[in-house]
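Before any comments, here is the structure.
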Amino acid sequence: MPNYGKLIPYALRQWRWLLAIIGLTAVSTVVGAAYPWPMKLLVDYALSDVGAPPVLEAALRAVKVDATPGALVVLAALASLMLFAVSSLLGMGLSLSWNLCGQRMVY
């Protein structure tokens, strides 16, 4: 165990990369927690007779779109694709950060 103490200075020199990794991990967690939202939108509002919630109707009205079931299906699909794209970019950023940080600690 005492030998690990010698490695701490190498890790502390990469504090910026380590902070980036922590930040990207936190954002990635939030994006992962949002994954069920498009399915909830689809099942609860687009495929039922309930209609969209007032907040969503107001947001759709602001972009001049009616809150029809078809529009909600398209919104759910676009939200799902957007979450996938953001999650993929965060994954790439995390991999790059881990690799650069690790290589710099080794060298």
Tyr45 with Val63, same ILVMFWY side-chain cluster at under 4.5 Å: yes

Hydrophobic cluster membership, Val65 vs Leu78, 4.5 Å side-chain cutoff: no

Minimum side-chain heavy-atom gap Leu56-Leu75 below 4.5 Å: yes

Leu60 side chain near Leu72 side chain, heavy-atom distance below 4.5 Å: yes

Selection residues 89-105 - residue pairs positive for salt bridge (Lys or Arg N to Asp or Glu O under 4.0 Å), sequence neighbours left out: none

Rounded distance [0.5 Å steps], CG in Leu90 versus CG in Leu83: 10.5 Å

Over all atoms of both residues, closest heavy-atom pair of Pro69 and Ala46: CB-O, 3.4 Å

Inter- and intrachain pairs under salt bridge (Lys or Arg N to Asp or Glu O under 4.0 Å), touching residues 58-83, at least two apart: Glu57-Arg61

For residues 19-41, tabulate all N or O donor-acceptor pairs below 3.5 Å that involve a side-chain atom, not counting sequence neighbours.
residue : atom : partner : partner atom : Å
Thr25   : OG1  : Ile21   : O            : 2.7
Thr29   : OG1  : Thr25   : O            : 2.8
Tyr35   : OH   : Ser87   : OG           : 3.4
Lys40   : NZ   : Asp44   : OD2          : 2.6

Same apolar cluster: Leu42 and Val74, side chain cutoff 4.5 Å: no

Same apolar cluster: Leu94 and Val86, side chain cutoff 4.5 Å: yes

